[in-house]
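Counting from 1, the numbers follow the sequence of the chain as shown. Only heavy atoms go into these numbers, but all of them, side chains included; no hydrogens, no water, no symmetry mates.
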Amino acid sequence: MSDAVAPDLSALARRCGLQEHWIDAHRQARRVGPEQLRRLLHALGVQCENADDVAAAHAALDATQPHAPALLVERTGHVLPLPQWREGPADLVSEEDNSAHAVNLESHAQGAQLRLPVKPGYYELRQAGQAAQRLAITPRAPDMAALLGRAQPRSWGVMAQVYSLREAHFDPVHRTWGHGDLATVANLAQRLGDAGADVLALNPLHAMFSADPAACSPYSPSSRLFLNVLYAAPAQVLGEAAVRHALDSLPPIDWAALDQGAQINWPRAAEVRLQLLRRLHDQFVMMAPSLQRDYRSFCERQGQPLRDHAIFETLHAAHIAAPGRIQTWTAWDKTWRDPRSRHVQDFAAHHAKEVDFHCFAQWLATASLARAQATARQAGMGVGLLSDLAVGVSPAGSQVWSDPDSFLHGVSIGAPPDVHQPRGQSWALAALSPSALQRRGYDAFLGVLRAALAHTGGTRIDHILGMERLWLVSENGDPADGAYLRLPADALLGLIALEAWRHRGLVIGENLGTVPAGFDDRLRDHGIGGMNVLWFMRDPESESDPAPFMPPAQWPSDAAALTTTHDLPTLMGWWHGTDIHQRQDADRLSKEKTATQLLQERQADKLALWSHLGDGGSLPASAPLPAMLGFVASAPCALALASLEDIAGLDESPNVPGTTVEFPNWRRRLPGNTITAMDSPPWRDRLQALRQTRERP
C-alpha cells in the first residue's frame, strides 16, 4: 500500500476501535506502525491489503452503522435516544416475568426518546409497526454498605489459592488428595467467618483441561462458563459413605506422598481425582433419587453449552491419546472443529457415557461451590466467597471451540511494556470480539458474568481495564508491537453492575497498570470497587523514584485495600527482595537497572515504609508482618484483604509474571494443615493485626 492511503488506513483502524496513538507507562507518546495495524485489522476480520480493500471496508462499515445493537444498555433514570422510532405509546416488557408496562416515547430531534424507569432489568421495547428492541436498564452495583446493611462497614477478608490449601487426615475421605478443593474452602470459610471475616476471595475456578492437567494456570482456562472439576468435593454432595465406597474400589494409593509435597504434581493428582470421580459416576445410578433429579435439572438448565463442553473434553482426551498427540483443536481434522458437525454428534453418541461423566463432574463441582458459599454465609460472612473472573480464555479450549464466532482469532490479550515488565506481555488468551458482542446482544459476556456470580457472593474481575481497551498482540508477535482495541466500556460496565445487582453480589475490578484517564471515575460511577494494593499506594505528587508510601488515611475509600496480589511479591518476599532475585534469575530485569541497584532502592523503600510502621527503632531484618497488615487494614476502605501467603509468612508468591517453566507457578502449597494453622500463634497474631481495626459490630 502506498503512503497516499495511510490516512484512510488510520481512519479505518480508528473506526474498528484500534488506537493508533497511545501513551505508555513512562507518559511518552507512541504510535502503532501501518504493518501492525494491518495485522490487527485482519484479526478483526477486516481486509486492508490495498486501497480497494480499505475503501470496501469503509463502505461496509457505513452500511452497518444505521443498525441498532441487539441490546441497548443504559442507566436507570437516563434518557435513551431511539433514532428509528416515533413518538407515542409503546410497551416495555420485562424479560424477568413478562409483565408489560405502558410507556410514552417523547419527541427527539432524530426520532424519539425514552425516559427509562428506575427499576433495573432486561426489557423488550415494543411499538406497533416497529421491530422490538431489547434493553438493559442498569443500576449501580451494590457496595459493601448495601450488602451488609451497615452505613460505614469496615470488613476484612482473606485471599486464597484453592489448590494451595491443605488438610491432612488419616481418613482418605477427608484428605485434600494432592491439592486443595472446595471442601477445604468450606472449612476455611467456617473458621474465617467465626473469626469475623466477611470475604474469602479465591483464585479463578474456571474449567481447565481434564486431559492435560499440567496446563494449570487458572488464568488460562478452557472455559469461563464452567468449573475446574478437580476442585469438586464429592463427599459434601454425595455423602461420605459414597466416597468411601468409591475409594475402596481404587488401586492402593500412597495418600501421604500425594498430599505432602511442597509443590503439586498436577498430572498425578488429577489422575487420582478423576479416577475417584469416574467411580462415583459409575455408582451414581444406585444413589438417592433426589440427587439424580438434581443432576438432571442441572443438565437441563445448563443446556447445550454444558453438552458442548463435555463433548470437547471427550474429544480432547481422544486426540491426546492418539498417536502424534494433537492437543490444539485448531490443528484437528476439519470434521472435528465444528461442534455441530455430523462427525462430532456421532462421536458424542458413541461416547455417551464419557460425555455424561463430564456433565456429572461439572454438577459435582457446581454443587460443591454452592455448599461452600452456604457454609460461608452460615458462618456469618456478609459476602462469603468472592470468585475471580479471568480476563480471557485459552484459544485451545472448549469455549472458543464451542463458540468461535464470539472470539477474535490470530491475536492474544497482553500488556504493553511497563516499569515492571519492560518487554511487555502476551498472555496467549483469546478475547471476545467487540463486534460480535454488539451483534449478539452481549450474550457471551453475560454468560461468563452469570457463571462467576451464580454460586458466590461476588467476583473480582481480572484486568478490568480490558472493559475499556485491550492490548492485542499478533500471534507469535512481539508484545511491544501490539495496539489497544477499544471496547464498548459503558455497556460492559453497565452489564456488570446489572448482573451484580441481580445476584446481589460484590464486584471488585483489578484496576492496576496503565489506567486510561477517567476510567477509575467510570468504575466509581457504576458502583464497581477498585483495588488499593500496598506496593502501588505512593504519593502521586512526588518526583522521587520510588515515590514514598501514602499514609493509609489518604487511600481512596471506594476501593478495597490489599496487601498484594497473586502476581506481586508477598509482604515477606518484598522485604527480602525475593521478587528482584526471581526476576534476575528469569532474565526479566529491564536494562536500566541491575539487581544490585534495585535491591539498594528496595532498602530505601523499606526505610520509607518503616517510617510509617515503626516506633523509631532500627529497621528489622525480617518483615514486620503484623505491623504491615495493620497498616493496610487501617485504610478507610470498606474492605481490607490479605493473601493467605502473607498470613502464613511466605516469601514466594503464587505466580511470577512473564515466566512459564522457570518457577513452580500455580503449584506451590501452603505448609502444614491450613485449617489448624489458624490456631498457631504466628497466624493468630497476623489475623488479629488485620482485623483489630475492623471488628464486626
Filter on salt bridge (charged side-chain N to carboxylate O under 4.0 Å, His left out), then keep only pairs touching [range], sequence neighbours left out; what's left?
{"range": "residues 451-467", "answer": "Asp388-Arg460, Arg460-Asp462"}
{"range": "residues 393-413", "answer": "Asp403-Arg440"}
{"range": "residues 469-479", "answer": "none"}

Does the side chain to side chain donor-acceptor pair (under 3.5 Å) test come out yes or no for Ser433 and Ser435, once each step is laid out?
CA-CA 6 Å; Ser433 163; Ser435 60; 3.1 Å; yes
If I compare all heavy atoms of Thr314 with all of Ala310, which pair ends up nearest, and what's the gap?
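Minimum heavy-atom contact is OG1-O, 2.9 Å.
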Can you list the steps and then say if Asp181 with Thr184 is a side chain to side chain donor-acceptor pair (under 3.5 Å)?
CA-CA 6 Å; Asp181 58 23; Thr184 317; 3.2 Å; yes
If you count heavy atoms of other groups shown closer than 6.0 angstrom to NE2 of His351, is the number above 12?
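Counting neighbours around NE2 of His351, more than 12 heavy atoms of other residues, nucleotides or ligands fall under 6.0 Å, so yes.
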Verify the neighbour count for atom NE2 of His42: are there more than 12 heavy atoms of other residues, nucleotides or ligands below 6.0 Å?
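Counting neighbours around NE2 of His42, 12 or fewer heavy atoms of other residues, nucleotides or ligands fall under 6.0 Å, so no.
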Could you grab the distance from atom CG of Leu276 to atom CD1 of Ile253, nearest 0.5 Å is fine?
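With rounding to 0.5 Å, CG (Leu276) is 8.0 Å from CD1 (Ile253).
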Which residues pass the salt bridge (Lys or Arg N to Asp or Glu O under 4.0 Å) test with [X], not counting sequence neighbours?
{"X": "Arg301", "value": "none"}
{"X": "Asp259", "value": "Arg175, Arg669"}
{"X": "Asp567", "value": "none"}
{"X": "Asp346", "value": "Arg342"}

Under 4.0 Å between a side-chain nitrogen and a carboxylate oxygen: does that hold for Arg668 and Glu645?
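Salt bridge flag = no for Glu645 with Arg668.
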Residues that Glu240 engages under side-chain hydrogen bond (donor to acceptor under 3.5 Å, both in side chains), provided they are two or more places apart:
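Expected list: His174.
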So, Gln345 side chain and Pro339 main chain: donor-acceptor pair closer than 3.5 Å or not?
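Checked: pair present.
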Output a table of donor-acceptor pairs, distance under 3.5 Å, between side-chain atoms of residues 280-288 and any protein atom two or more places apart or on a different chain; print 'none' if there are none.
unit_1	atom_1	unit_2	atom_2	d
His281	NE2	Asp356	OD2	2.7
Asp282	OD1	Lys353	NZ	3.1

Pairs under 3.5 angstrom only: tabulate donor-acceptor contacts from the side chains of residues 357-368 to other protein residues two or more places apart or in another chain.
unit_1	atom_1	unit_2	atom_2	d
His358	NE2	Glu354	OE2	3.2
Gln362	OE1	Leu227	N	3.0
Gln362	NE2	Leu227	O	2.8
Trp363	NE1	Asp294	OD2	2.7
Thr366	OG1	Gln362	O	2.8
Ser368	OG	Ala233	N	2.8
Ser368	OG	Leu364	O	2.6

Side-chain donor-acceptor pairs of residues 442-455 under 3.5 Å, sequence neighbours excluded:
unit_1	atom_1	unit_2	atom_2	d
Arg450	NE	Glu499	OE1	3.4
Arg450	NE	Glu499	OE2	3.2
Arg450	NH2	Glu499	OE2	3.2

Could I get the full list of ring pair (Phe, Tyr, Trp, His ring centres under 6.0 Å) partners for His206, not counting sequence neighbours?
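Applying ring pair (Phe, Tyr, Trp, His ring centres under 6.0 Å) to His206 gives none.
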His316/Trp401 aromatic ring centres below 6.0 Å
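No, ring centres 6.0 Å or more apart.
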Quick one: does Val473's side chain get under 4.5 Å of Val411's, heavy atoms only?
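Side chain of Val473 against side chain of Val411, heavy atoms only: no contact under 4.5 Å found.
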